[in-house]
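Each remark here refers to the structure printed beneath this line.
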Protein chains: 2
Amino acid sequence: MARHSNRSTSFDVAALAGVSQSAVSRAFTPGSSIAEETRQKVYEAARKLNYVPNSIASSLTTKRTNIVALIIGNMANPFYSHVLHAFSQKLQEQGRQVLIFTVDPGAESDEAILHVLKYQVDGVILTAAQLSTRMTSMCHDRGIPIVLFNRYIPGSDASGVRCDNAAGGRLIAEAFLAAGAKNFAMITGDPKGSTSQDRVRGFVERLQEEGVRRSDITEVGGQSSYEGAFNAALGIFRDKDRSRPEALFAINDIMAMGAIDALRYRLGLRIPEDLMVAGFDDIPEGRRAPYQLTTVRQPINQMIDATLSILNLDDPSSGIEPGIDQPISGRLIWRNTIPVPAGHRWETGKEEAARADTGSSK
Amino acid sequence: MARHSNRSTSFDVAALAGVSQSAVSRAFTPGSSIAEETRQKVYEAARKLNYVPNSIASSLTTKRTNIVALIIGNMANPFYSHVLHAFSQKLQEQGRQVLIFTVDPGAESDEAILHVLKYQVDGVILTAAQLSTRMTSMCHDRGIPIVLFNRYIPGSDASGVRCDNAAGGRLIAEAFLAAGAKNFAMITGDPKGSTSQDRVRGFVERLQEEGVRRSDITEVGGQSSYEGAFNAALGIFRDKDRSRPEALFAINDIMAMGAIDALRYRLGLRIPEDLMVAGFDDIPEGRRAPYQLTTVRQPINQMIDATLSILNLDDPSSGIEPGIDQPISGRLIWRNTIPVPAGHRWETGKEEAARADTGSSK
DNA sequence: GAGAACAATGCATGCGTATTCATCACGTGC
DNA sequence: GCACGTGATGAATACGCATGCATTGTTCTC
């Protein structure tokens with residue numbers, strides 16, 4: 001049997017139900033003017049014919065596809081797979097679906113955007129990827145709202161939703177200082193990404209405010225992945241003459257996990273006794289028993305809601321907002337990879353588990 | 001500026017280029033009859049107008065959307081997020097995109113299918129979710145190919161691609177037996193899913209063949225997640241009078257990881273000295289230093305290729321294949337959660353890393 | 001009881017593209 | 001020089017549905 005054989009249309013249903021095609025259309029359009037009796041007749045006929053409205057055809061006239069593009073550059077980081085899941089769920093509740101566009105981590109997503117435009121999506125969410133201003137304006141021109149999730153493009157008029165990464169970096173710095181560290185190391189991620197840059201900047205700034213010299217802050221770049229950080233961590237200790245740091249800031253949790261495993265299982269270091277470690281994101285994986293990672297929690301649900309709010313999918317006539325970029329504050333979550341300074345009464349991850357805005361769904 | 005303001009159409013481009021609309025269409029359709037000179041004129045005009053073909057409109061006539069639906073029931077399991085990533089990448093290389101449909105783990109995806117049908121997708125991949133035969137036949141009726149990934153529906157004519165789960169369960173059983181275990185425990189997943197059932201069945205069968213009594217095999221059900229297995233593992237040892245098992249089979253790797261963490265960090269057990277553990281899937285996370293999980297590797301790339309091959313998206317006129325269900329064999333990967341029996345020369349995960357068909361992309 | 005307001009319905013048209021068909025220009029072979 | 005094949009092009013139409021408009025029947029108001 002060849003494909004596309006018996007796909008019935010609204011005309012078929014109309015004929016069977018003894019009404020016009022318009023009536024069928026209205027029967028499936030909430031809020032349109034149709035008698036309940038007629039609607040039932042239509043439903044009955046539709047059921048017999050296994051009719052399902054063709055939303056592709058309808059979007060030709062309504063100019064709405066109920067599809068949102070999600071451009072994602074790093075599915076290997078669980079943070080982003082949680083983000084993807086959350087977006088998909090929330091959008092689905094609104095009767096929309098997510099169309100995935102994968103790009104190489106850190107790569108330009110200009111080409112992806114071209115494909116996105118072809119699909120006439122109602123909105124674009126871009127995360128863990130770069131984008132040229134030319135592309136954002138192409139979206140703007142055709143009235144497609146675009147929001148950068150967890151990054152921003154300097155000088156662009158594209159809206160972005162992100163955690164206050166610089167402030168988060170400062171929180172980590174303070175935690176290390178409070179715990180008495182004097183010598184620091186960082187494992188950074190994509191050097192082109194604003195996220196990594198900002199976290200590093202805040203971290204270094206805060207340390208320098210307290211008189212730490214730049215030469216006491218070792219920086220190692222790595223691929224933004226578990227494996228990248230694993231190797232980078234080993235690199236820090238390769239130089240024998242370099243004074244050993246007491247505190248390691250990994251630019252995100254998955255990298256912190258990679259670093260911790262390298263330190264423990266390859267170098268035999270104890271954490272936090274020999275070396276304290278902090279991450280960033282507060283992914284559920286970092287809360288697990290082997291890691292108990294001290295980190296900065298990204299308020300992911302809040303960020304997602306803000307993203308959807310800026311996207312403003314329900315009101316397409318309203319026009320595109322001018323570039324919005326209001327960083328949302330993250331919070332330091334104390335666990336076990338930095339010794340809690342005596343006398344301090346910081347909140348811990350456990351205490352607030354109940355009211356946490358975590359990455360877990362629902 | 002209101003949305004949808006200046007979206008230019010093929011007519012606009014045609015006017016600017018001084019050709020007909022047909023010419024514009026042909027310029028963007030590979031293999032159609034058009035002079036190179038004309039094509040360039042069209043491209044030039046298109047560039048000036050920021051024109052991008054509207055694939056929604058074109059799919060109205062071509063009856064192809066270049067969209068593949070992926071119904072996914074458990075994004076929390078990294079196995080499935082790797083699967084998602086791999087599908088997205090491979091399909092994207094073919095000029096197709098993935099439209100995500102999230103369903104609750106283990107839930108019926110009948111309602112999701114209804115939404116899928118609205119989008120006129122070119123194919124459906126269903127994974128980690130249940131589906132009624134009524135829905136598969138609805139897809140068949142309208143010529144939409146559907147493949148069940150990593151599961152099958154008994155009595156259905158829907159094609160499925162999966163690892164030979166029963167055989168995999170047997171491999172685990174053999175490994176435990178070879179290591180000298182006499183007393184066994186299992187942490188199972190979704191009781192309705194064929195995947196979990198088959199793995200358990202193979203495992204138990206093989207043990208019984210060797211004379212193990214059913215009463216020496218403890219079974220604990222859990223949610224199919226890290227946390228579910230974490231709690232389930234604790235449950236196994238709550239009964240003080242029950243003889244303690246020496247070997248624990250978790251139905252998949254993420255659950256094995258949860259179980260291991262519970263055993264180590266809550267119960268203070270050493271693995272494999274006090275208790276050996278095996279998983280199933282061979283996700284990259286299970287290879288990490290803290291786990292070094294002995295498991296059965298699902299040949300994920302092979303499975304993905306098989307899925308796309310059955311989907312046969314390039315040849316829509318060919319009709320739907322009748323139900324195909326050829327399980328692909330998995331291979332036991334020895335790592336450190338089962339002591340390798342003396343004298344045995346099994347292959348280990350490490351040795352074959354180079355040629356592994358792993359879950360990592362590309 | 002007359003007129004108005006309103007709900008329900010059908011007709012006709014438009015959405016942006018692919019494709020069929022007819023036409024035309026051009027070159028080839030005899 | 002003529003018939004013919006070939007490649008390029010445009011006009012017209014179809015794809016499946018939503019919606020503006022006109023029409024009809026019904027209820028409400030004073």
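So you know, we letter chains A, B, ... as the sequences are listed, proteins then strands, and number each from 1.
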| said: For DNA chain D, which residues of residues 11-20 of chain B approach it to below 4.0 angstrom with any heavy atom? | reply: B:Val19, B:Ser20
| How about A:Gln326: does its CD atom have over 12 heavy atoms from other parts shown lying under 6.0 Å from it? | no
| request: Take atom CG of A:Asn54 and atom C1' of D:dG16, then tell me their distance rounded to the nearest Å. | output: 6 Å
| task | Under 4.0 Å between any heavy atoms, over every strand shown, what does B:Ser22 touch: base, sugar-phosphate, or nothing? Just pick one. | result | base
| task | Kindly point out which of C:dG16, D:dT9, D:dC15 is positioned nearest to the side chain of B:Lys63? | result | D:dC15
| Distance test, side-chain N/O of A:Ser25 to OP1/OP2 of D:dA18, below 4.0 Å | yes
| said: As an exercise, state the distance from CZ of A:Phe79 to OG1 of A:Thr195, rounded to the nearest 0.5 Å. | reply: 8.5 Å
| task | May I ask you to decide if A:Val161's main-chain N or O and A:Asn150's side chain share a donor-acceptor pair within less than 3.5 Å? | result | no
| So which heavy atom on B:Asn66 is nearest to which on B:Asp122, and how close? | N-OD2, 2.7 Å
| Measuring from B:Leu70:CG to B:Leu84:CG, what's the distance to the nearest 0.5 Å? | 5.5 Å
| query | Expressed in angstrom and rounded to an integer, what is the separation of B:Arg26 atom CZ from C:dT20 atom P? | reply | 10 Å
What pairs of nitrogen or oxygen atoms, one from the protein and one from nucleotides 22-28 of chain D, lie under 3.5 Å apart?
none

| task | Would you mind listing every ring pair (Phe, Tyr, Trp, His ring centres under 6.0 Å) that reaches into residues 91-133 of chain A, with sequence neighbours excluded? | result | none
| field | Spacing of B:Gln120 atom CD relative to D:dC15 atom C1', expressed in whole Å | value | 11 Å
| said: Among C:dG16, D:dC17, C:dT19, which nucleotide has an atom closest to any side-chain atom of B:Thr62? | reply: C:dT19
| field | side chain to side chain contact (heavy atoms under 4.5 Å, CB included), paired with B:Ile71, selected from B:Leu131, B:Val116, B:Ile100 | value | B:Val116
| request: Using a heavy-atom cut-off of under 4.0 Å over every strand shown, decide if B:Thr9 touches base, sugar-phosphate, or nothing. | output: sugar-phosphate
| said: Quick check on A:Gln94: does its CD atom have over 12 non-hydrogen neighbours (other residues, nucleotides or ligands) under 6.0 Å away? | reply: yes
| task | Specify the angle, to 10°, made by the local axes at the two ends of the helix from C:dG1-D:dC30 to C:dC30-D:dG1 when five pairs are taken at each end. | result | 30°
| request: Calculate the interatomic distance between A:Lys118 atom NZ and C:dT17 atom C1'; express it in whole Å. | output: 13 Å
| said: How long is the straight-line distance from OG1 of B:Thr9 back to CD of B:Gln21, given to the nearest 0.5 Å? | reply: 8.0 Å
| Are A:Asp141 and B:Arg7 within salt-bridge range, i.e. N to O under 4.0 Å? | no
| request: Calculate, to the nearest 0.5 Å, the distance between atoms CG and OG1 belonging to B:Leu99 and A:Thr65 respectively. | output: 9.5 Å
| field | Interatomic distance, B:Arg64 CZ vs C:dA18 P [rounded to whole Å] | value | 15 Å
| message | Between A:Arg96 and A:Asp314, does any NZ, NE, NH1 or NH2 come within less than 4.0 Å of an OD or OE carboxylate oxygen? | response | yes
| query | CD of B:Gln21 versus P of D:dA11: gap in Å, rounded? | reply | 10 Å
| task | For C:dT17, take OP1 and OP2 only and decide whether either is under 4.0 Å from a side-chain N or O of B:Ser10. | result | yes
| request: Would you tell me if any nitrogen or oxygen in the side chain of A:Ser33 comes within less than 4.0 Å of OP1 or OP2 on C:dA8? | output: yes
| note | When rounded to whole Å, the CG to P distance for the pair B:Leu60 and D:dA18 reads 12 Å
| request: Kindly indicate whether the side chain of A:Val68, heavy atoms from C-beta on, has any atom under 4.5 Å from the side chain of A:Phe87. | output: no
| message | Considering only residues two or more places apart or on different chains, which pairs with a residue in residues 43-60 of chain A satisfy side chain to side chain donor-acceptor pair (under 3.5 Å)? | response | A:Arg39-A:Tyr43
| task | Would you name the heavy atoms of A:Ile328 and A:Met303 that are closest together and state the gap between them? | result | CD1-CG, 3.9 Å
| request: Mind listing the residues from residues 34-50 of chain B sitting with a heavy atom below 4.0 Å of DNA chain D? Number order is fine. | output: B:Ile34, B:Ala35, B:Thr38
| task | Would you mind reading off the distance between B:Ile56 atom CD1 and D:dG16 atom C1', rounded to a whole angstrom? | result | 13 Å
